[in-house]
Amino acid sequence: MRDLKYDFASIEPKWQKKWQEEKTFHCENHSDKPKFYALVEFPYPSGQGLHVGHARPYTAMDVVARKRRMDGYNVLFPMGYDAFGLPTENYAIKNHIHPAKVTHDNIENFTKQLKMLGYSFDWDRVINTTDPSYYKWTQWIFLQLYKHGLAYKTTMPVNWCTSCKCVLANEEVVEGVCERCGSPVIRKEKSQWMLKITEYAQRLIDDLDDLDFIERVKIQQKNWIGRSTGAEVTFKATTGDEIVVYTTRPDTLFGATYMVLSPEHELVRKWLDAGLLHNAGDVTAYQKAAASKSDLERTELNKEKTGVCLSGVEGINPVNGRRIPIFISDYVLSTYGTGAIMAVPAHDERDWEFAKKFGCEIIEVVSGGEDVQKAAFTAKDETGILVNSEFLNGMTVKDAIPAMTEWLEEKGVGHSKVNYKLRDWVFSRQRYWGEPIPMVYCEKCGWQPLPEDQLPLLLPDVESYEPTDDGESPLSKMTDWVNTTCPCCGGPAKRETDTMPQWAGSSWYFLRYMDPHNDKALASPEALKYWSPVDWYNGGMEHTTLHLLYSRFWHKFLYDIGVVPTKEPYQKRTSHGMILGEGGEKMSKSRGNVINPNDVVAQYGADTMRLYIMFIGDFEKAAAWSDNAVKGCKRFLDRVWNLSEQCSDSLEHTPANESSLHKTIKKVSEDIEAMKFNTAIAALMALVNDFYANGCSKGDFATLLLMLSPFAPHMVEELWETMGFAAAKGGMACQQPWPVYDASKTVAAQATMAVQVCGKLRATVTVPVDSDEGTVVAAALADPKVQKFTEGKQIVKTILVPNKLINLIAR
RNA sequence: GCCGGUGUGAUGGAAUUGGUAGACGUAGUGGACUCAAAAUCCACCGCUGGCGACAGCGUACCGGUUCGAGUCCGGUCACCGGCACCA
């Protein structure tokens, strides 16, 4: 009897069925209880199914959600599927199956797996971004963005994946290659729908201050938005044209010895057209070379600066009237600032490198560094003093920046300026499996939004999902669908054939959960008011600058137009570490080290899987899977199961366990809230060890079960029922109040204190709790091990840390 | 290069934020039970010296502050993540 194993294979489905039938975790949009909205990132339903990387955040938030219910909250803990996207479309192309069918099958599989793990989602609120009743509202939000001038179409160089034949957002290009397929990304001029996220740049930074996001998320978002302050300065060209440059160092203006325009700069085109450039051939050749370069090549060539001097045109420095050469070079980006710079080689490393290669003059204007002919001096602190700069001479850099800015403004040749690295969001994809963009183009009226009563604009069936070779969406071949009438004049018009990127549906999904079946609005104002904001959102760090930033942007927009009641969508954001394969390597099919949750559940049960994934290590850090450690968790659950048959009948707590029980309640309660699941479980294991050592009552055991229930809900419910607690307390363990501890009972009557002599541990003494210094010193000095080190010496000082430690300083 | 993080036994990791380093778990060793194995239970389990009680050393490395440092400060090294010609 002692080493009986519990039969998880029959227990787990039994309780999952009961939760489903009784809708145990269903929640209403009103309650006397305080609300708590816990959110995890909904999965992309890939063909591979759920993997252990999903299980970590899902289990963590399930533990939190289950505990908060027991704490007396009305908890919304929903799940759904982010199902538009390329892998499904590629699979459909390869196997000639409709993406909707693939999506449906994958979702079915995911749902089965999520239920198998016993998550307490409200299954009545499941959403699917590819469902027309959902994407109707994604399209609706797009129309609102358009109507408020935040969506626009423009021709611009975009990131073009050579393999996916598709435009990518900057965020989807990683080290010059496509984030998804790894193929090189080149620049291509295309007409694209854009969203003006840059309009929200400052608010996206400022409002982080009021949020409870983990610090590294805030820092990463701020870095990504990349605010910098400086000045725009207008230089004249000898042609009479004005060249506006952006600089963060207006103090160094006297050191500007040449200028650089990006190869795409409009003035270059203008001067070429006007025949002003003597070396037009070199210039156009350079422009052509730069345009065809992929981002990867640009980065690789990063070491060696290239460029062409524009012969026949010069710039004029507004501070001293000096004529300086103008270059074009791809180290100046057309997409940042004004696409033109003043080069100060003495105080900028890139300019210095370029100047050395092209023989430009290097003039020191900030002293305090090494010889500027040998290296650029870039320090911005008090170490530098301005020289060779007329009215700025003798100032520190810090003082010279505002002084020069003021001078520029007075003379009308410049002004202070804030710039952001963040760029507008490229919102079109030349792909099939996405939300159709609800816009119509009419030769007479231009772009027209589809009237809202025509939403959803359904994605039509096509024969082939392959993108066309000229980069148009497969939808462009559907002439019946493309040809329509203009909503404005009624004349012939064509629909937009591009679709939205995958990030669209996930930018607002958390709102739909609040009221998922509403067909009048994306969610009712009452539901939005009741549940907003999401109280706690856990997700991966990889979404920090993508999904998390995009959805904050959309939410702020919806707030501005009065749709949502809060200016931020998520109050708290936490993030989990990755699960690595055995041995610490990333899990991948090619390495053959992928752990399938189905196998783990089949062998050990869902409760063991859940417990282990929470016990594996620090939640925020990466952790390597270990089959042996899984066994340890199973062993622990077996020990709990067997302990149930050894409890005494008393419903009172056993005195011997009292302080460890109360300490454990405190520890587990606090650790779950702090996402220190590993130590919460360690505390439960230690408590079970105590119970085995001291014996335990039914009352002790019931408390243990309640604390264990968020981690191992199936086994706990089974024991709760068979031991008669369900009948006695009326309901399942997950419906009971969370145990409370009595602070006065967390301390034992006796304290074991460390005794140090001169800071070195020499003994421990056991004294009554809260003993005063005199008592502790006397007890310490009575110990022969202490006497050995104090003999013949005088105690000159004692330091007491109550109930912890006494340090005797002896001389 | 810039920003952020981490470094503790054989191993995953603890340590109430300056107070007994190594909780809890794995692996290992010895023992009990067993014909035997598995499972379970008990004991040991940082390094060095000693039969031993014990002593010395020990949280990447060097230095500092302190009665006391894994924790704080200065410097060095290594690894991980993000950004990367953003003027």
Side-chain angles (χ1 to χ4, degrees), chain A residues 2-5 174-175 215-224 226-228 230 245-249 252 260 298-299 301-303 305 329-333 335-344 347-351 353-354 378 419-423 541-542 544-545 577-578 584 612 615-618 620-633 635-636 638-639 642 663 666-667 670 676 678-689 692 752-764 785 788 796-810:
Chain A
R2 281 176 64 81
D3 55 340
L4 197 78
K5 305 239 171 336
V174 177
E175 284 169 16
E215 207 50 36
R216 57 200 171 118
V217 168
K218 290 189 183 184
I219 291 167
Q220 222 166 287
Q221 288 207 342
K222 281 182 192 168
N223 287 348
W224 183 261
R227 183 183 203 270
S228 81
V245 303
Y246 173 70
T247 178
T248 55
R249 295 292 303 275
T252 62
V260 187
R298 282 201 173 197
T299 341
L301 296 173
N302 167 357
K303 283 165 198 134
K305 295 262 184 299
S329 171
D330 65 4
Y331 88 90
V332 172
L333 308 173
T335 46
Y336 183 77
T338 60
I341 62 157
M342 63 173 204
V344 185
H347 306 290
D348 182 282
E349 277 166 18
R350 295 149 304 181
D351 297 345
E353 200 187 316
F354 188 89
T378 57
N419 258 324
Y420 303 91
K421 289 186 201 172
L422 185 71
R423 295 180 210 165
M541 279 309 286
E542 70 275 19
T544 301
T545 53
M578 222 196 300
Y612 173 62
F615 188 60
I616 194 167
D618 185 334
E620 290 202 4
K621 292 196 199 118
W625 188 268
S626 158
D627 274 331
N628 272 326
V630 179
K631 284 181 204 152
C633 289
R635 213 172 277 163
F636 168 68
D638 285 332
R639 270 167 69 78
N642 294 326
K663 263 191 227 167
K666 181 174 194 291
K667 176 91 180 135
E670 290 171 357
K676 293 164 82 172
N678 54 339
T679 50
I681 293 165
L684 290 172
M685 288 171 167
L687 184 67
V688 168
N689 291 344
Y692 268 101
T752 303
M753 294 181 62
V755 181
Q756 295 185 341
V757 180
C758 295
K760 274 193 182 279
L761 180 73
R762 295 303 178 185
T764 56
K785 281 183 273 188
K788 216 168 101 185
V796 294
K797 192 178 171 187
T798 59
I799 293 141
L800 177 82
V801 181
N803 300 324
K804 283 277 174 192
L805 170 145
I806 181 82
N807 191 1
L808 309 173
I809 313 303

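Every heavy atom of this structure was used, including side-chain atoms; hydrogens, water molecules and symmetry mates were not. Here is how names work: the chains are called A, B, and so on, in the same order as the sequence lines, proteins then strands, and each is numbered from 1.
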Audit row: A/Lys421, A/Asn223, side-chain contact (heavy atoms from CB on, under 4.5 Å) steps and yes/no = CA-CA 9 Å; A/Lys421 289 186 201 172; A/Asn223 287 348; over 6 Å; no

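The two residues A/Ile616 and A/Ala624 have their closest heavy-atom pair at CD1-O, 3.6 Å. Residues A/Leu761 and A/Ala754 come closest through the heavy atom pair CD1-CB, 3.6 Å.
The A/Lys305 side chain lies nearest to B/C85 when the options are B/A84, B/A87, B/C85. The A/Leu333 side chain lies nearest to B/A87 when the options are B/A87, B/A23, B/G25. Side chain of A/Asn628, nearest nucleotide from B/A87, B/G25, B/U26: B/U26.
Nucleotide B/G68 holds its C1' atom 13 Å from the CD1 atom of A/Ile806, rounded to whole Å. Rounded to whole angstrom, the span from the CG atom of A/Asp638 across to the C1' atom of B/C41 amounts to 14 Å. Here the C1' atom of nucleotide B/G5 and the CE atom of A/Met578 are 14 Å apart, to the nearest Å. What separates CZ of A/Arg249 from P of B/A87 is a distance of 12 Å, to the nearest Å. In this structure, A/Gln221 atom CD and B/G4 atom P are separated by 16 Å, rounded to whole Å. Distance CG (A/Asn223) to C1' (B/C3): 5 Å, rounded to an integer number of Å. Regarding A/Arg635, its CZ atom lies at a distance of 7 Å from the P atom of B/A39, rounded to whole Å. Separating the CE atom of A/Met541 from the P atom of B/C3 is a distance of 17 Å, rounded to the nearest angstrom.
Comparing the P positions of B/U29 and B/A38 gives a spacing of 11 Å, expressed to the nearest Å. Straight-line distance between the P atoms of B/A84 and B/G63: roughly 41 Å, to the nearest whole Å. For the C1' atoms, the distance linking B/U16 with B/U65 amounts to 24 Å, nearest Å. B/G1 sits 33 Å from B/G18 when the P atoms are compared, rounded to a whole Å. Taking atom C1' in both B/G82 and B/C72, one finds a spacing of 28 Å when rounded to whole Å. Separation of the C1' atoms belonging to B/G9 and B/A21 is 11 Å when rounded to the nearest angstrom. For the P atom pair drawn from B/A53 and B/C77, the interatomic distance equals 44 Å after rounding to whole Å. The separation of B/C85 from B/G13, taken at their P atoms, amounts to 34 Å, rounded to a whole angstrom.
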Could you write out RNA chain B as a dot-bracket string, with dots for unpaired bases, | for bases paired across to another strand, and Watson-Crick or G-U pairs counted at under 3.5 Å?
-> (((((((..(((......[....))).(((((.......))))).((((....))))..(((((..]....))))))))))))....

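Mapping A/Ala629 and A/Arg639 onto RNA chain B by nearest heavy atom places A/Ala629 closer to the 5' end of the strand. Place A/Tyr336 and A/Cys758 on RNA chain B by their nearest nucleotides, and A/Cys758 ends up nearer the 5' end.
Using modelled atom types, no side-chain atom of A/Asn419 and backbone atom of A/Ser228 make a donor-acceptor pair closer than 3.5 Å. A/Gln221 contributes a side-chain N or O that, together with a main-chain N or O of A/Thr544, makes up a donor-acceptor pair within less than 3.5 Å. Judged by distance alone, the side chain of A/Tyr612 and the main-chain N or O of A/Ser626 form a donor-acceptor pair under 3.5 Å.
Counting only heavy atoms from C-beta outward, the side chains of A/Val344 and A/Arg249 never approach each other to under 4.5 Å. In this structure the side chain of A/Ile341 reaches within 4.5 angstrom of the side chain of A/Tyr331, judged on heavy atoms. Counting heavy atoms from C-beta outward, A/Met342 and A/Asp351 have side chains that stay 4.5 Å or more apart. Between A/Tyr692 and A/Asn642, the closest side-chain pair of non-hydrogen atoms falls below 4.5 Å. A/Met753 has its side chain within reach of A/Leu800: a pair of non-hydrogen atoms, C-beta onward, lies under 4.5 Å apart.
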What does nucleotides 48-57 of chain B look like as a protein-contact string, B for base, S for sugar-phosphate only, - for none, at under 4.0 angstrom between heavy atoms?
-> ------SSSS

Would you mind building the protein contact string for nucleotides 6-22 of chain B? One character per nucleotide, 5' to 3', B for base within reach (heavy atoms under 4.0 Å), S for sugar-phosphate only, - for untouched.
-> ------BSSSB--BB--

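Between A/Asn689 and B/G25 there is a side-chain N or O to OP1 or OP2 distance below 4.0 Å. For the OP1/OP2 pair of B/A87 and a distance below 4.0 Å, the side-chain nitrogens and oxygens of A/Ser228 include at least one atom meeting the criterion.
At a threshold of 4.0 angstrom between heavy atoms, the contacts of A/Arg227 with the nucleic acid are absent. Using a 4.0 Å heavy-atom cutoff across all strands shown, A/Gly632 reaches sugar-phosphate atoms only and no base atom. Within 4.0 Å (heavy atoms only), A/Asp351 reaches no atom of the nucleic acid at all. Within 4.0 Å of A/Ile341, counting heavy atoms only, lies at least one base atom of the nucleic acid.
B/G70: glycosidic angle beyond 90° from 0, hence anti.
Within 6.0 Å of NZ on A/Lys218 lie more than 12 heavy atoms contributed by other residues, nucleotides or ligands. For CD of A/Glu542, the number of neighbouring non-hydrogen atoms (other residues, nucleotides, ligands) closer than 6.0 Å is greater than 12.
In this pair, A/Tyr246 and A/Tyr336 present their aromatic rings perpendicular. The plane angle is above 60°, beyond the 30 to 60° band.
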